[in-house]
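Inspection log for the structure reproduced underneath, given as structure tokens.
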Number of protein chains: 2
Amino acid sequence: MREGPDIARIASLVGDPARANMLNALMGGTALTASELALEAGVSLPTASSHLSKLMDGGLLTLASQGRHRYYGLAGAQVAGMIEAIIGVAEAVGPKRVRPGPRDAAMRVARVCYDHLAGEQAVAMLDRLLDRKLLLRDDNQIRLSPSGASHFSALGIETGVKARRPVCRACLDWSVRRSHLAGTLGAAILDKIIAEKWARREKDSRAVVFSPTGRQEFERVFLA
Amino acid sequence: MREGPDIARIASLVGDPARANMLNALMGGTALTASELALEAGVSLPTASSHLSKLMDGGLLTLASQGRHRYYGLAGAQVAGMIEAIIGVAEAVGPKRVRPGPRDAAMRVARVCYDHLAGEQAVAMLDRLLDRKLLLRDDNQIRLSPSGASHFSALGIETGVKARRPVCRACLDWSVRRSHLAGTLGAAILDKIIAEKWARREKDSRAVVFSPTGRQEFERVFLA
DNA sequence: CGCATGGTTCGATCCTCATCGAAGCATTCC
DNA sequence: GGAATGCTTCGATGAGGATCGAACCATGCG
């Protein structure tokens, strides 16, 4: 009846519970093998394989073959953003639990969004970085200021533009409803947080839990 | 396996072609009757009715009964945002047409997004309003400045806060990938554009086409 | 009241697609 | 080479759900 982009095709890919679980798992940012995703989705390996090839055909996933392992990952930040948007609606219209569970609370504070940090911590961080003029915002375009470049460089975070992917990008946070920092810089900061052991990834969840001292360090460096 | 928000449920609602067409039609912002939506989706009335009740159950639509007419509309800006996000991915991964058709071009320039203007024109307008300090941006929060309040009031646009809905909001544009203005002010501006006959809605499309003089007027008032 | 219009509910049909077991490829390790 | 691991393809089964015609409510008009 009307042509245009085939939104039903994309949405129906996400609309199957098994595939939705897989995508949800991949929102953690790390690429996973078919067997891990099968486990995650609670289906057999053949079933998972079939789903994965559909998601590949649909352009939602990328595949990296390494020897006999095949790692599936989200196709990009745009796909991740779409899934966040769907999660946001599902949260809003879903049966509102009288009281959010503990894991939910942890997720709100800090979680992984594809490859960078999201949640209250991340939103506060971006605010602070903008305040300190280490980053400059111009709408959704976020640029690194000269002082910011040297600042991050001093922290051991390289910000040279190598890839086509932007260094900084704003990403809308579904729990806070404000932006946090994505892009290669956002990814590098998350890497540092994990590498410094300021926080650890919660097993089988997107939640990121800071240790008491780790939180202090994080606040000292990024929220000062 | 994992609980959390039921994203598959929401996505599968959008994942049916008939329902996707209906939602797409409702992205125009005007509420439509069941028969109009049936026509739009290319299905019979009973089928459409069944789809509509599913969308209602899913919380994606609102219903306003007026006499024997029942008007269905999108449940809110968050739902509209999700659909825009899905459209964005579908555009990106979809079969890239060698050359975007004329309607596509018009859509990129100016279109309706739920109840406000989107597209290049809208993005340019927000930029300009921020430059002129009529609006103040603080992340996705956009506020009306005192000078902005009087400015819009002089244009006959009331900006008093009546509803719970925010006056200003940033809305991400899928074609330009930058923000444009949503909220009651965004809606009021679109209303003015139509009321002043600066532009007309393209029939059966979200495209908004400016007349030569209308464009001049629009640019004089909002892009000066 | 009776008719027309707009809409929903019911029932039956049909088809897509998710699922899994078994078999088949590919890669690596011994 | 042979065995083991990781994954995909094939084939058969089954269930959910999209679809429409017909019948059924509700509202408005004369």
Side-chain angles (χ1 to χ4, degrees), chain A residues 1-2 6-26 30-75 86 90, chain B residues 1-2 6-26 30-75:
Chain A
M1 312 310 99
R2 47 178 59 250
D6 196 350
I7 104 173
R9 175 173 143 82
I10 301 299
S12 69
L13 283 174
V14 190
D16 177 83
R19 287 194 292 261
N21 283 334
M22 291 176 172
L23 291 170
N24 207 16
L26 291 173
T30 52
L32 299 172
T33 66
S35 6
E36 290 171 319
L37 288 167
L39 194 65
E40 197 73 35
V43 294
S44 74
L45 234 163
T47 305
S49 184
S50 150
H51 285 307
L52 288 170
S53 64
K54 279 171 189 159
L55 288 170
M56 285 293 296
D57 286 348
L60 298 188
L61 296 185
T62 54
L63 174 59
S65 291
Q66 283 180 19
R68 66 177 155 183
H69 292 273
R70 313 189 69 183
Y71 289 97
Y72 290 92
L74 290 189
I86 298 174
Chain B
M1 301 297 96
R2 48 179 59 252
D6 195 349
I7 106 174
R9 175 174 143 78
I10 300 299
S12 70
L13 282 174
V14 189
D16 177 83
R19 286 193 292 262
N21 283 335
M22 291 176 173
L23 291 169
N24 207 17
L26 291 173
T30 52
L32 299 172
T33 65
S35 5
E36 290 170 321
L37 288 166
L39 194 66
E40 196 74 37
V43 294
S44 73
L45 234 163
T47 306
S49 183
S50 151
H51 285 307
L52 288 170
S53 63
K54 279 170 188 157
L55 289 170
M56 286 293 296
D57 285 350
L60 299 189
L61 296 186
T62 54
L63 174 58
S65 291
Q66 282 180 20
R68 67 176 156 184
H69 291 273
R70 313 189 70 184
Y71 289 97
Y72 290 92
L74 289 189

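Atom set for the values below is all heavy atoms of this structure, side chains included, hydrogens, waters and symmetry mates excluded.
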For residues 53-64 of chain A, which side-chain N or O atoms pair as donor and acceptor with protein atoms under 3.5 Å away, sequence neighbours left out?
| residue | atom | partner | partner atom | Å |
| --- | --- | --- | --- | --- |
| A:Ser53 | OG | A:Ser50 | O | 2.9 |
| A:Thr62 | OG1 | A:Gly73 | O | 3.4 |

Say you draw a straight line from [atom1] of [X] to [atom2] of [Y]; how long is it, rounded to the nearest 0.5 Å?
{"X": "A:Asn24", "Y": "A:Leu37", "atom1": "CG", "atom2": "CG", "value": "11.5 Å"}
{"X": "B:Glu40", "Y": "B:Thr33", "atom1": "CD", "atom2": "OG1", "value": "10.5 Å"}
{"X": "A:Asn21", "Y": "B:Ile7", "atom1": "CG", "atom2": "CD1", "value": "8.0 Å"}

From D:dG6, D:dT8, C:dG6, pick the nucleotide closest to the side chain of A:Ala34?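 Nucleotide nearest to A:Ala34's side chain: D:dT8.
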
A:Leu45 versus A:Ala34, closest heavy-atom pair with distance: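 Answer, listing the atom of A:Leu45 first, then A:Ala34: CD2-CB, 4.4 Å.
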
Smallest separation among heavy atoms of B:Tyr72 and B:Leu26, with atom names: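 Closest approach of B:Tyr72 to B:Leu26: O-CD2, 3.3 Å.
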
When you compare the protein's N or O atoms with those of nucleotides 17-21 of chain C, which come within less than 3.5 Å of each other, and at what distance?
| residue | atom | partner | partner atom | Å |
| --- | --- | --- | --- | --- |
| C:dA18 | OP1 | A:Arg19 | NH2 | 3.2 |
| C:dA18 | OP2 | A:Lys54 | NZ | 2.6 |
| C:dT19 | OP2 | A:His51 | NE2 | 2.5 |
| C:dC20 | OP2 | A:Ser44 | N | 3.0 |
| C:dC20 | OP2 | A:Ser44 | OG | 3.2 |
| C:dC20 | OP2 | A:Thr47 | OG1 | 2.9 |

Return the polar atom pairs (N/O with N/O) between nucleotides 11-15 of chain C and the protein under 3.5 Å, or none.
none

What integer distance in Å separates [X]:[atom1] from [N]:[atom2]?
{"X": "A:Leu13", "N": "C:dT16", "atom1": "CG", "atom2": "P", "result": "17 Å"}
{"X": "B:Leu32", "N": "C:dG7", "atom1": "CG", "atom2": "P", "result": "11 Å"}
{"X": "A:Met22", "N": "D:dC7", "atom1": "CE", "atom2": "C1'", "result": "13 Å"}
{"X": "B:Asp57", "N": "C:dT8", "atom1": "CG", "atom2": "P", "result": "12 Å"}
{"X": "B:Leu37", "N": "C:dT8", "atom1": "CG", "atom2": "C1'", "result": "15 Å"}
{"X": "A:Leu61", "N": "D:dT8", "atom1": "CG", "atom2": "C1'", "result": "16 Å"}
{"X": "A:Leu52", "N": "D:dC7", "atom1": "CG", "atom2": "P", "result": "10 Å"}
{"X": "A:Glu36", "N": "D:dT5", "atom1": "CD", "atom2": "P", "result": "17 Å"}

Five-pair end axes of the helix from C:dC1-D:dG30 to C:dC30-D:dG1, angle between them (10°):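 The two end axes of the helix from C:dC1-D:dG30 to C:dC30-D:dG1 meet at 20°.
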
Across the strands shown, which category fits A:Thr33 at heavy-atom distances under 4.0 angstrom: base, sugar-phosphate, nothing?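 Sugar-phosphate, backbone atoms only, no base.
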
Contact class for B:Tyr71 (heavy atom, under 4.0 Å): base, sugar-phosphate, or nothing?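 Here B:Tyr71 touches no strand at all.
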
Please report, to 0.1 Å, the donor-acceptor pairs under 3.5 Å made by any side chain of residues 10-20 of chain A, with sequence neighbours excluded.
| residue | atom | partner | partner atom | Å |
| --- | --- | --- | --- | --- |
| A:Ser12 | OG | A:Ala8 | O | 3.1 |
| A:Ser12 | OG | A:Arg9 | O | 3.0 |
| A:Asp16 | OD2 | A:Ala18 | N | 3.0 |
| A:Asp16 | OD2 | A:Arg19 | N | 3.2 |
| A:Arg19 | NE | A:Leu13 | O | 2.7 |
| A:Arg19 | NH1 | A:His51 | ND1 | 3.1 |
| A:Arg19 | NH2 | A:Ser12 | O | 3.2 |

D:dT8 OP1/OP2 closer than 4.0 Å to side-chain N/O of A:Arg70: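 Yes, because at least one side-chain N or O of A:Arg70 sits under 4.0 Å from OP1 or OP2 of D:dT8.
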
According to a strict under-4.0 Å criterion, is A:Tyr72 in side-chain N/O contact with OP1 or OP2 of D:dG6?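 For D:dG6, neither OP1 nor OP2 has a side-chain N or O of A:Tyr72 closer than 4.0 Å.
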
Go through the structure and list residues passing side chain to side chain donor-acceptor pair (under 3.5 Å) with A:Ser44, not counting sequence neighbours.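 So A:Ser44 forms a side chain to side chain donor-acceptor pair (under 3.5 Å) with A:Thr47.
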
